[in-house]
Participant: 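Supplied in structure tokens, the structure appears directly below.
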Amino acid sequence: MPVSSDNSATVFEALRPVFSNSNLAKIGHNLKFDLSILAEQGIDVAGKCYDTMLAHALIDPEQRHNLDTLSEDFLQYTTIRFSELIPEVKKGQPIDYSSVKPQALADYAIEDADVTLQLWELFKVKLEESGQAKVFYEIETPLLPVLVAMEREGILMNEATLVETGKSLEGHIETLRDSISAAAGREFNLNSPKQLGEILFDELKLVEKPKKTKTGQYATNEQVLSSLASKHPIVANILEYRQLTKLKSTYIDALPNSIDSVSGRVHTNYGQVQTSTGRLSSNDPNLQNIPVRSAQGREIRKAFIARPGWKLLSADYSQIELRILAALTEDEGLLTAFREGRDIHAATAAKIFEVPLNEVTREQRSTAKMVNFGIPYGISAFGLAQRLGTVSRTEAQEIINNYFAQFPGIPGYMLRMQDSAKAKGYVETITGRRRYLQDINSRNGTIRAAAERNAINMPIQGTAADMIKIAMVNVQNALVAQKLNTRMLLQVHDELIFDLDPNEEAAVRTLVTEGMKQALDLKCPIEIDIGLGNNWLEAH
DNA sequence: CCCCTCACG
DNA sequence: ACGTACGTGAGGGGC
């Protein structure tokens with residue numbers, strides 16, 4: 001019997017009783033995909049669902065998680081490749097199964113199920129052995145259907161706003177292009193870093209010894225250009241040109257192509273196994289890097305809107321990584337500052353510059369902010385000096401030394417993480433999520449230092465990731481339990497965005513705040529900021 | 001397909 | 001002597 005869209009409904013109906021039977025557990029590889037397809041067919045999957053891809057992402061987060069590789073690595077068995085069934089699949093095009101022999105298709109599908117089941121038997125043991133059973137069963141597994149729901153919901157965009165912004169940007173870009181060509185003395189492709197480098201350094205000779213990239217090209221990144229801004233007026237125009245064309249090509253021109261023709265909304269895909277720290281990623285389109293820092297960029301945020309008559313609600317964790325740092329290190333100074341509800345950067349400045357809180361200057365606060373930002377990344381004196389721009393490497397080292405002296409829990413924690421990583425080969429979050437650090441004992445100092453920074457950062461970034469994942473499950477369960485219309489739409493690492501039915505505002509504020517705060521029980525208090533608006537910019 | 005650059009947390 | 005803060009995804013150039 002040929003498999004075609006004509007009888008797919010028959011097939012789905014035949015399978016429906018299996019999927020909706022809550023006594024049957026389901027085991028699959030990349031279940032988010034299968035669950036989305038079934039949901040599209042109106043089939044709600046009941047019963048326990050276990051995903052071998054999610055399991056492997058915990059067992060070995062930096063490895064690849066595709067079924068073919070896992071089968072070879074764990075079962076010493078080479079699977080039938082999809083390309084043997086269908087040689088040429090074009091990206092973005094629907095797959096044509098009509099020419100495939102049903103027996104070949106069946107063999108492929110059956111083998112897939114067989115391999116997955118065998119992997120599950122191995123992986124469920126490894127989850128226990130690595131102490132990650134709770135992360136798997138209580139965080140990643142319950143999160144999966146939440147992500148399916150969010151992806152399917154999508155978010156509404158005001159395309160007209162985007163087009164307007166695009167037109168105004170286009171005019172600006174044209175003007176900049178003209179003045180840059182005039183200043184360069186000839187036309188060139190200013191989207192090409194290679195050509196731009198030749199103009200700036202071979203022709204205009206802005207500096208004696210230009211910085212090169214690792215492949216030997218002239219570096220023309222923002223940091224390099226900013227340092228050259230005083231040398232020639234062309235540079236400021238190039239920087240602005242870069243900024244505006246980035247916004248136009250990556251967001252304004254591209255986002256409308258992602259509006260789904262059926263739903264009229266933009267549906268991102270969340271990657272649940274893409275990062276080494278436990279964060280989600282977002283792609284096709286990436287909705288986790290929508291501009292917000294520049295004025296022109298913020299215009300793009302205005303295009304993300306609530307459904308008619310509704311509001312967007314944004315809830316974000318305030319200073320989540322610093323609070324987690326305080327909780328993990330149990331540093332009394334840091335904990336006290338948060339418990340007393342201080343402006344954390346001002347409080348840090350008061351400590352490291354040894355001045356009363358009310359005498360902290362703006363510069364001191366801004367320096368302290370940079371330190372607070374860098375600490376969870378394994379800051380270096382060089383890095384701090386470079387980012388501050390106003391102090392020498394030696395002075396930066398003094399600031400760091402003062403910080404460590406005033407917050408002694410922090411250097412203690414850093415050493416503990418590095419020692420533990422060297423001894424055990426991995427670090428972990430509060431929930432037990434692991435990251436292996438192969439390079440932690442490398443003889444190459446640069447490589448080893450990078451691994452040491454990972455040892456410091458992963459437990460912090462990863463615990464924040466665990467926390468918001470738990471919160472998402474809490475919040476989704478509460479929305480369903482209270483039969484609310486409000487829908488969770490997006491996650492951006494420390495922020496959740498909702499399409500809010502205005503009649504439900506009070507209930508949603510409460511359940512979101514509580515769901516996020518109570519996700520993990522930490523020694524440091526957790527604060528949630530909530531905003532409301534007609535678009536993402538207003539809500540933020 | 002890699003490189004460079006740059007958008008976000 | 002060297003490189004230098006953690007984690008991502010995407011667009012354009014160029015081979």
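Within every chain, numbering begins at 1; the chains are lettered A, B, ... in the order of the sequence lines, protein sequences first and strands thereafter.
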Participant: Atom CD1 of A/I375 and atom C1' of C/dG7: how far apart are they, to the nearest Å?
Facilitator: 18 Å
Participant: Within the structure provided, determine whether A/R448 and A/D439 are in side-chain contact (heavy-atom separation under 4.5 Å).
Facilitator: no
Participant: Among B/dT5, B/dA7, C/dC6, find the nucleotide with the atom closest to the side chain of A/Q243.
Facilitator: B/dA7
Participant: Grab the CD-P distance between A/Q288 and C/dC6 for me, whole Å please.
Facilitator: 19 Å
Participant: Would one find a side-chain N or O of A/R242 under 4.0 angstrom from OP1 or OP2 of B/dC6?
Facilitator: yes
Participant: Ignoring hydrogens and angles, answer whether the base of B/dA7 and the side-chain atoms of A/R293 contain a donor-acceptor pair closer than 3.5 Å.
Facilitator: no
Participant: side-chain hydrogen bond (donor to acceptor under 3.5 Å, both in side chains) with A/K469: which of A/E140, A/Q491, A/Q272?
Facilitator: A/E140
Participant: How are the rings of A/Y218 and A/F201 set to each other: parallel, tilted or perpendicular (split at 30° and 60°)?
Facilitator: tilted
Participant: Taking protein heavy atoms under 4.0 Å as touching, what does nucleotides 9-15 of chain C look like 5' to 3' if B marks base contact, S marks sugar-phosphate-only contact and - marks none?
Facilitator: BBSSSS-
Participant: So, OP1 or OP2 of C/dC6: does either fall under 4.0 Å of a side-chain N or O from A/T277?
Facilitator: no
Participant: Hey, does A/I379 reach any base, or is it just sugar-phosphate, or nothing, if we go heavy atoms under 4.0 Å?
Facilitator: base
Participant: State the CG-CD1 distance between A/L325 and A/I320, to the nearest 0.5 angstrom.
Facilitator: 11.5 Å
Participant: Heavy-atom nearest nucleotide on DNA chain C for A/R453 versus A/A449: which residue maps closer to 5'?
Facilitator: A/A449
Participant: Say whether, by atom type as modelled, one donor and one acceptor occur between the side chain of A/H56 and the main chain of A/H65 under 3.5 angstrom.
Facilitator: no
Participant: What I want to check is whether an N or O donor and acceptor connect the side chain of A/E222 with the base of B/dC6 at under 3.5 Å.
Facilitator: no
Participant: Just call it for A/T245: base, sugar-phosphate, or nothing, with non-hydrogen atoms closer than 4.0 Å on any strand.
Facilitator: nothing
Participant: Centre of A/Y426's six-membered ring, under 6.0 Å away, within 45 degrees of the axis: is that where NZ or CZ of A/R434 sits?
Facilitator: yes
Participant: Under 4.0 angstrom, heavy atoms only, what part of the nucleic acid is A/A465 near: base, sugar-phosphate, or nothing?
Facilitator: nothing
Participant: Nearest to the side chain of A/R301, heavy atoms from C-beta on, is which of C/dT4, B/dC8, B/dC3?
Facilitator: B/dC8
Participant: Say we look at B/dC3 and C/dA5: how far apart would their C1' atoms be, to the nearest angstrom?
Facilitator: 22 Å
Participant: Given the C1' atoms of B/dA7 and C/dC2, what is the spacing between them in whole Å?
Facilitator: 30 Å
Participant: Take the protein atom CD1 of A/I324 and the nucleotide atom P of C/dG7, then report the distance between them rounded to whole Å.
Facilitator: 16 Å
Participant: Sub-3.5 Å donor-acceptor pair from the side chain of A/S226 to the main-chain atoms of A/Q223, do we have one?
Facilitator: no
Participant: Taking the same atom, C1', in B/dC6 and in C/dA1, what whole-Å distance lies between them?
Facilitator: 30 Å
Participant: Among C/dG7, B/dT5, B/dC3, which is the nearest nucleotide to the side chain of A/T220?
Facilitator: B/dT5
Participant: Looking at C/dG7, I'd like to know if its phosphate oxygens (OP1 or OP2) sit under 4.0 Å from a side-chain N or O belonging to A/R435.
Facilitator: yes
Participant: Can you sort out the partners of A/D343 under salt bridge (Lys or Arg N to Asp or Glu O under 4.0 Å), two or more places apart, ordered by chain and number?
Facilitator: A/R365
Participant: Just how far, in rounded Å, is P of B/dC8 from CD of A/E321?
Facilitator: 17 Å
Participant: Any idea which heavy atoms bring A/M488 and A/M150 closest together, and the distance?
Facilitator: O-CG, 3.4 Å
Participant: Is A/S294 near enough to B/dA7 that one of its side-chain N or O atoms lies under 4.0 angstrom from OP1 or OP2?
Facilitator: no
Participant: Write down the distance between CG (A/N372) and P (C/dA5), rounded to a whole number of angstrom.
Facilitator: 18 Å
Participant: Give the ring-plane orientation class for A/F407 versus A/Y403, where under 30° counts as parallel, over 60° as perpendicular and anything between as tilted.
Facilitator: tilted
Participant: Quick test of your reading of the model: are A/E187 and A/R177 salt-bridged, counting only N-O distances below 4.0 Å?
Facilitator: no
Participant: Reading DNA chain C 5' to 3', how would its secondary structure be written in dot-bracket notation, given Watson-Crick and G-U pairs with both distances under 3.5 Å, brackets [ ] for crossing pairs and | for partners on other strands?
Facilitator: .....|||||||||.
Participant: CD1 of A/I460 versus C1' of C/dA5: gap in Å, rounded?
Facilitator: 12 Å
Participant: Of the options C/dG3, B/dC4, C/dG7, whose atoms approach the side-chain atoms of A/T446 most closely?
Facilitator: C/dG3
Participant: What is the separation between atom OH on A/Y377 and atom P on C/dT8, rounded to the nearest whole Å?
Facilitator: 12 Å
Participant: Would you kindly give the CZ-to-P distance between A/R393 and C/dG3, to the nearest whole Å?
Facilitator: 16 Å
